[in-house]
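All values below come from the heavy atoms of this structure, side chains included, with hydrogens, waters and symmetry mates left out. We name chains A, B, ... by the order of the sequence lines, and we start the count at 1 in each one.
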2 protein chains.
Amino acid sequence: MTEKQKRFVDFILRFREDNGYSPSIREIAAGLGLASTSTVKSMLDKLTAKGELSMISGKARSVTAPEPACSGVPVIGHIRAGSPVMAEENIEGYIPVREFLKNSSGGFFLVVDGYSMKDKGILPGDFVFIQPQKTISNGQIGAFRINGEVTLKTFRRTDDGVFLMPANEEFRPIPVLESDEFEVIGRYVMLLRLVEKGYDFRLA
Amino acid sequence: MTEKQKRFVDFILRFREDNGYSPSIREIAAGLGLASTSTVKSMLDKLTAKGELSMISGKARSVTAPEPACSGVPVIGHIRAGSPVMAEENIEGYIPVREFLKNSSGGFFLVVDGYSMKDKGILPGDFVFIQPQKTISNGQIGAFRINGEVTLKTFRRTDDGVFLMPANEEFRPIPVLESDEFEVIGRYVMLLRLVEKGYDFRLA
DNA sequence: TGTGCTATCGAACAAATGTACATTAGACCA
DNA sequence: TGGTCTAATGTACATTTGTTCGATAGCACA
């Protein structure tokens, strides 16, 4: 992509970011300092043919640019000695958090309370993503409600019965008795920890 | 908001989701089975006045609806005994992951390798979000490059010099000497752990 | 019954917008 | 010098689109 074509795509992305809708051809011309609409039109046609843009013929403000890869966050694994960290060869992939969370719809974050799952690296204040489900397999970590209390534990079924296992030797396994009110809330799928509290999230 | 008004907003949201740009007034009329454009127009004016929609007068396809709160993931904190988990009263807020990551642009995920930060709840395979910066304060956790190796440690400056501190008694502090090639890569801001490997991420 | 009120419709108009085409300007090269 | 190509221009036109206004139909209520 030439430098000029990139300016087109960038302008469209920024305009949509700022306004929430796409620019018209004349607005693109004005924004890029071009005097004629046909200049813009021919460039848009070219970029659409190359797949860099998409637009519907005849429809006003229908041009869109695919959001760049950085809508996902790059994952850097093993770093080759001597190369800059963010170099292309170090990028192993991207986590497309947007799609990731779209697929996980229905789930929710549970705020972790105590240290009972410390040895699994789950600490107070962590956000644990729970995928709701009614049952859970042996050995999986999940959120449970027992006698009104909600807790995050490992589910374990043995010959001696069912237990909710902490991951911290200072805590004791919780036996699940027939007489207990017990319910599986969901499966522990993901953990999110916000280290800097500057990254606040909007409260309802 | 009445049932009918809700249908308007929902239609606009879905249309934008499907097409990437907003519907025209006539497309809204067709989509909702209305015969006249003025019906739509008056409803849009009403919804805009109420703040449920936003549009620029005269500009084609400029109507947008604020994305509903569920574009973020609900956060559930302390759960009131007896109430269903996902009940409204238990939702403390939302993590708008989309905006969250937009603000963090420039950062990247580093894949954690060993157990040296175990006591901070950072385990192998975790994705650590690094916000690039050239310096770091005493006591903060960050990613560093020392003599070609990249490592995640707590930065500590004492009278005896600078050390990279592990969070695991089986590991030793790494002294940073004048003769070392040393560089701050960035600050540890967030941690993401994918428990289920079914949630794969697209490789480059 | 009749009187407002609201939602909807129908049609017409003006502005915004996409599209097509002939023309010009400049760069490059034989 | 002349030719060719590309980018850009200017203009005109057709379509899409937002806007306006009057008319109609249903509905609640006195």
Q: Which label fits B/F144 and B/F182: parallel for a plane angle under 30°, tilted from 30 to 60°, or perpendicular past 60°?
A: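 Rings of B/F144 and B/F182: parallel, as their planes differ by under 30°.
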
Q: Residues two or more places apart in sequence or in another chain: which of them pass ring-ring contact (aromatic ring centres under 6.0 Å, His included) with A/F171?
A: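 Counting only residues at least two positions away or on another chain, A/F171 forms no ring-ring contact (aromatic ring centres under 6.0 Å, His included).
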
Q: If you walk 5' to 3' along DNA chain D, what is the first nucleotide with an atom under 4.0 Å of a heavy atom in chain A, and what is the last?
A: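 The footprint of chain A covers D/dA7 to D/dT17.
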
Q: Which heavy atom of A/M190 sits nearest to which heavy atom of A/Y188, and what is that distance?
A: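 Looking at all heavy atoms of both residues, the closest pair is O-CE1, 3.5 Å.
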
Q: Between B/Y21 and B/F15, what is the ring plane arrangement, given parallel below 30°, perpendicular above 60°, and tilted in between?
A: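 Aromatic pair B/Y21/B/F15 classed perpendicular.
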
Q: Among all residues two or more places apart in sequence or in another chain, which pass the side chain to side chain contact (heavy atoms under 4.5 Å, CB included) test with B/P124?
A: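 Per chain and number, B/P124 pairs via side chain to side chain contact (heavy atoms under 4.5 Å, CB included) with B/Y115.
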
Q: Rounded to whole angstrom units, what separation is found between the CD atom of B/Q5 and the C1' atom of C/dA7?
A: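 Taking atom C1' of C/dA7 as the reference, CD of B/Q5 is at 12 Å.
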
Q: Which atom pairs, donor and acceptor, lie under 3.5 Å between side-chain atoms of residues 150-157 of chain A and protein residues at least two apart or in another chain?
A:
unit_1 : atom_1 : unit_2 : atom_2 : d
A/T151 : OG1    : A/K153 : NZ     : 2.6
A/K153 : NZ     : A/S116 : OG     : 3.2

Q: When you measure from the side-chain N and O atoms of A/R61 to the phosphate of C/dT17, is any distance below 4.0 Å, counting only OP1 and OP2?
A: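 Answer is yes, contact under 4.0 Å.
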
Q: For B/E149, does the CD atom sit with more than 12 other heavy atoms under 6.0 Å from it, leaving out its own atoms?
A: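 Atom CD in B/E149 is not packed in, count stays at 12 or less.
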
Q: For B/K4 and B/R26, take the nucleotide of DNA chain C holding the closest heavy atom to each; which residue's nucleotide lies nearer the 5' end?
A: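 The residue mapped nearer the 5' terminus is B/K4.
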
Q: Which residue pairs satisfy the salt bridge (Lys or Arg N to Asp or Glu O under 4.0 Å) criterion with at least one member in residues 33-62 of chain B, sequence neighbours excluded?
A: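 As it turns out, the salt bridge (Lys or Arg N to Asp or Glu O under 4.0 Å) pairs with a partner in residues 33-62 of chain B, which skip direct neighbours, are A/E27-B/K59, B/E27-B/R61, B/K41-B/D45.
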
Q: Strictly below 4.0 Å, heavy-atom distances to any atom of DNA chain C: list the hits from residues 32-54 of chain A, or just say none.
A: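 Heavy-atom contacts with DNA chain C come from A/T37, A/S38, A/K41.
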
